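Start at 1 with the first residue, then count along the sequence. Not measured: the values here are computed from a predicted model.
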Amino acid sequence: VDLLCSLGVLRYLQGRHDQALRYLQKVLSARHDHVEALSNMGNVYLARGDVSLAIGCYQSAIQADPVQVDAISNLGNALQLAGRLDDAVGMYQYALKICPINVPVLSNLGIACQAKGLPSRAIDAYNAAIDIDPSFSDAWSNLGLSLQSLSRHDEALAAFEKALSLSPHDSRYRCNLANCYLELGRLEDALEGYKAALEIDPSSHDFRLSCAIARLLYSNCCDGWDLYEARLTNAVIAALDPGHSVRRGRWPVAQIRPPASVFLSCEQGLGDTIHFCRYAKYLADQGVEVTLRVQAVLLPILRASSLG
């Protein structure tokens, strides 16, 4: 049984999730309360994006062994992904009662508190993690994010720089530092940070989008709009058209002629949608058939407007 469990863990670490599940299920067929198998099955489901199944596995592992800190912490992570922040905080606190010096759990508690809109509690959790392990770079970077949310920019910059000194090749830390510079109006420093992040991870659409926004904010429109196309590959935008039934493209208005049909979809905030809907009227006045997809809350407003 233990050999089968080890094989399941190995396949999980190799990213071969289906094989991992088969091995772990064999373990559980022999011993339904095998804590390691249940916990690792939760890890596999979480890696596959099956959050509800992961939660069930972790809960079963904890029922079999109520002091299994890894399962408790992982359950907290899964609950956080499911948006159940209060429950996640409760799990992290439970894990810390068992092991008060668990640095990753303290850091994850900070993340959950920040997501709940409690930056001061998040800062306390990150500082506790750093007091135990000053080399834990994630805690430093997350501390910077919480400090930045409170406009404590000098302290945030110091935290981001400390994280980078510990892990200089982590592109996330460089992007976080650049975002802070941008918020302070230090454009050149921000652009240098985004450039460094993209050199480490050139495939990151989020970094390209952040760089685009920085350039657009400071009127570098040519480069900014080109980089801004990265948003079209963002998972949030892709979710607007999951079947990819609509051809995405960028067409100069001068090239759109009747009897063309244009589908204009919302992709960001309510203000952005209202702003860009005015172009739909311009096209409609030229005889182009325009279909709008907007947030439901805006439908009464737009129907009552000249777009109605």
Side-chain angles (χ1 to χ4, degrees), residues 80-81 103-104 106-115 117-127 129-131 133-238 250 267-269 271-272:
Q80 189 167 178
L81 285 173
V103 172
L106 282 165
S107 186
N108 288 331
L109 173 61
I111 293 170
C113 288
Q114 183 67 33
L118 301 170
S120 294
R121 286 184 60 186
I123 289 169
D124 290 341
Y126 297 137
N127 280 328
I130 290 165
D131 286 342
D133 182 3
S135 68
F136 192 65
S137 56
D138 269 1
W140 283 106
S141 184
N142 290 330
L143 173 62
L145 293 173
S146 291
L147 290 166
Q148 184 180 347
S149 73
L150 294 173
S151 298
R152 293 163 60 178
H153 293 103
D154 289 342
E155 295 169 87
L157 289 174
F160 292 138
E161 287 166 354
K162 179 63 177 180
L164 276 170
S165 73
L166 294 167
S167 299
H169 301 296
D170 194 307
S171 56
R172 298 168 303 156
Y173 302 164
R174 294 203 174 273
C175 191
N176 288 341
L177 179 61
N179 289 338
C180 193
Y181 281 139
L182 184 63
E183 203 166 288
L184 288 169
R186 294 170 57 176
L187 177 62
E188 292 304 321
D189 289 329
L191 291 175
E192 191 64 31
Y194 294 133
K195 179 182 176 182
L198 284 167
E199 286 174 354
I200 297 169
D201 184 5
S203 65
S204 172
H205 303 299
D206 288 337
F207 298 165
R208 291 176 63 84
L209 185 57
S210 295
C211 187
I213 292 170
R215 292 184 183 277
L216 290 171
L217 282 172
Y218 288 87
S219 302
N220 186 344
C221 294
C222 291
D223 292 340
W225 284 121
D226 284 341
L227 286 168
Y228 196 61
E229 291 302 293
R231 78 197 192 284
L232 295 178
T233 52
N234 185 286
V236 174
I237 307 307
R250 182 174 62 180
E267 62 175 61
Q268 295 186 28
D272 294 296

Margin query: Before you tell me yes or no, could you show the steps for Glu155 and Ile123 under side-chain contact (heavy atoms from CB on, under 4.5 Å), namely the whole-Å CA-CA distance, both residues' side-chain angles and the distance that decides it to 0.1 Å?
Written below: CA-CA 12 Å; Glu155 295 169 87; Ile123 289 169; over 6 Å; no
Next item on the list: Grab the two heavy atoms, one from Ser204 and one from Leu198, that are nearest each other, plus how far apart they are.
Entry: O-CD2, 3.8 Å
Checklist line | Distance in Å, Ser203 OG paired with Arg208 CZ, rounded so as to fall on 0.5 Å steps | finding: 10.0 Å
Notebook entry, point to check: When rounded to the nearest 0.5 angstrom, what is the spacing between CG in Asp131 and CG in Asn127?
Noted result: 6.5 Å
Distance-only criterion, 3.5 Å: show the donor-acceptor pairs between side-chain atoms of residues 156-166 and protein atoms not counting sequence neighbours.
unit_1 : atom_1 : unit_2 : atom_2 : d
Glu161 : OE2    : Tyr181 : OH     : 3.4
Ser165 : OG     : Lys162 : O      : 2.6

Margin query: So, taking the atom named CZ in Arg172 and the one named CG in Asn179, what distance separates them when rounded to the nearest 0.5 Å?
Written below: 13.5 Å
Next item on the list: Without swapping roles, check the side chain of Tyr126 against the backbone of Ile111 for a donor-acceptor pair under 3.5 Å.
Entry: yes
Margin query: Restricting to non-hydrogen atoms, name the atom on Trp140 and the atom on Pro134 that form the minimum distance, rounded to 0.1 Å.
Written below: NE1-O, 2.8 Å
Check: From Asp133 CG over to Asp138 CG, what is the distance, rounded to the nearest 0.5 angstrom?
Finding: 11.0 Å
Notebook entry, point to check: Do you know which two heavy atoms are closest between Gln114 and Ser149, and how far apart they sit?
Noted result: NE2-OG, 3.3 Å
Next item on the list: Could you check Ser141, Ser171, Ser210 and say which one makes a side-chain hydrogen bond (donor to acceptor under 3.5 Å, both in side chains) with Asn176?
Entry: Ser141
Check: If you measure from CG on Asp170 to CD1 on Ile200, what distance do you get to the nearest 0.5 Å?
Finding: 7.5 Å
Check: For the residue pair Ala122 and Ser146, what are the closest heavy atoms and their distance?
Finding: CB-OG, 3.6 Å
Next item on the list: Walk me through it: do Tyr173 and Ser137 pass the test side-chain hydrogen bond (donor to acceptor under 3.5 Å, both in side chains)?
Entry: CA-CA 9 Å; Tyr173 302 164; Ser137 56; 2.9 Å; yes
Margin query: What I'd like to find out is whether the side chain of Cys180 reaches to under 4.5 Å of the side chain of His153, using heavy atoms alone.
Written below: yes
Notebook entry, point to check: Who pairs with Asp189 by salt bridge (Lys or Arg N to Asp or Glu O under 4.0 Å), at least two apart in sequence or on another chain?
Noted result: Arg186
Next item on the list: Can you see which heavy atom on Arg215 is nearest to which on Leu191, and at what distance?
Entry: CG-CD2, 3.8 Å
Next item on the list: Determine whether Tyr194 and Leu182 make a side-chain contact, defined as any pair of heavy atoms from C-beta on separated by less than 4.5 Å.
Entry: yes
Next item on the list: Indicate the atoms forming the closest heavy-atom contact of Arg174 with Ala197, along with that distance.
Entry: CB-CB, 4.1 Å
